[in-house]
Protein chains: 2
Amino acid sequence: MGSMTIGKLSGATGVKVTTIRYYESIDLLDEPERSASGQRLYGAAAVERLGFIRHARDLGFPVSAIRELISLQVDPGRDCDLVDQIARRQLGEVRRRLTQLEALEAELKRMITACEGGKVASCSVLAALGHHEHCLHEEHAGKEVLAALPSK
Amino acid sequence: MGSMTIGKLSGATGVKVTTIRYYESIDLLDEPERSASGQRLYGAAAVERLGFIRHARDLGFPVSAIRELISLQVDPGRDCDLVDQIARRQLGEVRRRLTQLEALEAELKRMITACEGGKVASCSVLAALGHHEHCLHEEHAGKEVLAALPSK
DNA sequence: TCTACAGTCTACAGTAACTATAGAGGCAAG
DNA sequence: CTTGCCTCTATAGTTACTGTAGACTGTAGA
Ligand SMILES: [Zn+2]
Ligand SMILES: [Zn+2]
Ligand SMILES: [Zn+2]
Ligand SMILES: [Zn+2]
């Protein structure tokens with residue numbers, strides 16, 4: 001029946017081949033069957049599961065949360081309290097970050113509009129970066145806001 | 001003159017001791033003088049520099065950008081075009097993330113409010129995660145939105 | 001059938017910006 | 001002089017992947 005190689009699965013879900021293997025290595029995906037020569041072979045269940053993972057990741061759920069969600073799916077008779085709790089936690093996280101980013105946006109905008117060009121010595125952007133005391137905030141509510149800029 | 005140990009510098013700037021040593025290792029901070037027994041000794045310039053770095057990091061500037069900004073500070077007679085360009089790039093980044101997060105917020109909220117409790121089998125949160133097709137968006141504009149949840 | 005060439009395999013290193021740990025040595029107060 | 005905190009170096013762990021090397025496999029055209 002419908003058994004696809006890792007490349008097909010990748011094409012079907014939009015998840016890179018290496019990422020699929022990575023998910024398997026961290027036990028997010030079950031080990032698939034193998035062909036005689038050792039190539040991975042997937043069925044419809046894998047497409048479903050991988051789609052689920054991808055959507056959750058797109059929404060910012062950490063892998064640990066996705067692992068929880070998957071384990072909850074295993075027995076469908078359970079109450080979905082925990083599922084909803086995880087989702088609400090994630091929503092809270094997203095909102096926390098939104099608040100932080102809004103503060104950053106405001107400060108960056110202020111910095112940039114204050115600069116009217118000229119020499120580095122008198123650049124208000126550099127001045128503002130050097131003197132946190134003049135900011136409108138005590139601290140940048142929360143820190144470590146942009147975990148790391150993708151930069152790619 | 002005012003020479004402080006790494007611990008004092010840490011206290012003065014709010015940057016952890018280990019992080020200060022890390023910044024030195026990646027050449028964001030100059031190597032400081034050392035006491036006879038090898039302990040780092042810092043002066044006022046280090047406090048200033050580290051404060052600058054911290055503020056820029058708080059605003060989400062990647063280390064690579066901070067490195068650029070520092071190198072620009074070195075000759076103050078230059079035009080500040082580049083400084084402003086870096087800041088605007090950062091502002092753009094922040095805005096891009098804001099947009100993404102707003103989309104995520106909306107989808108998570110929708111998911112959660114659709115769930116009215118019950119069993120896992122019928123939980124709308126899990127259903128929504130499983131079926132990306134029913135979303136209001138083609139893709140989650142941009143992906144890799146929350147580089148990694150701090151989770152700490 | 002031979003030969004490209006794309007796809008797959010494993011294993012390991014690199015990314016960003018730190019944080020944590022181990023194990024050794026330093027410094028001031030009591 | 002001992003207690004207890006500070007500092008030192010070096011190394012590994014974090015998160016969620018991505019990229020590489022080097023070898024093998026599967027397939028389609030000449
Ligand atoms: Zn300027
Ligand atoms: Zn500020
Ligand atoms: Zn539910
Ligand atoms: Zn979606």
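Computed from a prediction, not measured in an experiment: that's the story for all the values here. Here is the naming used below: chain letters follow the sequence lines, and residue numbers restart at 1 for every chain.
Contact between the side-chain N/O atoms of K16(A) and the OP1/OP2 oxygens of dC17(D) is not found at any separation under 4.0 Å. Between R57(A) and dC17(D) there is a side-chain polar atom (N or O) within less than 4.0 angstrom of OP1 or OP2. Under 4.0 angstrom from either OP1 or OP2 of dA16(D) there lies no side-chain N or O belonging to T19(A). The shortest distance between the side-chain N/O atoms of T5(A) and the OP1/OP2 oxygens of dT8(C) is below 4.0 Å. Considering only side-chain N and O atoms, Y23(B) lies under 4.0 angstrom from the phosphate OP1 or OP2 of dC18(C).
Residues S10(B) and V15(B) approach most closely at OG-O, 2.6 Å, considering heavy atoms.
Distance from the side chain of I6(A) is smallest for dC9(C) among the nucleotides dT7(D), dC9(C), dC18(C).
Y22(A) has its OH atom 17 Å from the P atom of dA11(C), to the nearest Å. In this structure, E24(A) places its CD atom 8 Å from P of dT10(C), rounding to the nearest Å.
Non-hydrogen atoms lying under 4.0 Å from DNA chain D are contributed by S37(A), Q39(A), all within residues 28-41 of chain A.
DNA chain D contains the following stems of three or more consecutive Watson-Crick or G-U pairs, with both distances under 3.5 Å: C:1-30 with D:1-30.
In the model, H131(A) has no side-chain atom that pairs as donor or acceptor with a side-chain atom of E48(B) under 3.5 Å.
Linking Ile, Leu, Val, Met, Phe, Trp and Tyr whenever their side-chain heavy atoms come within less than 4.5 Å puts L72(B) and I26(B) in one cluster.
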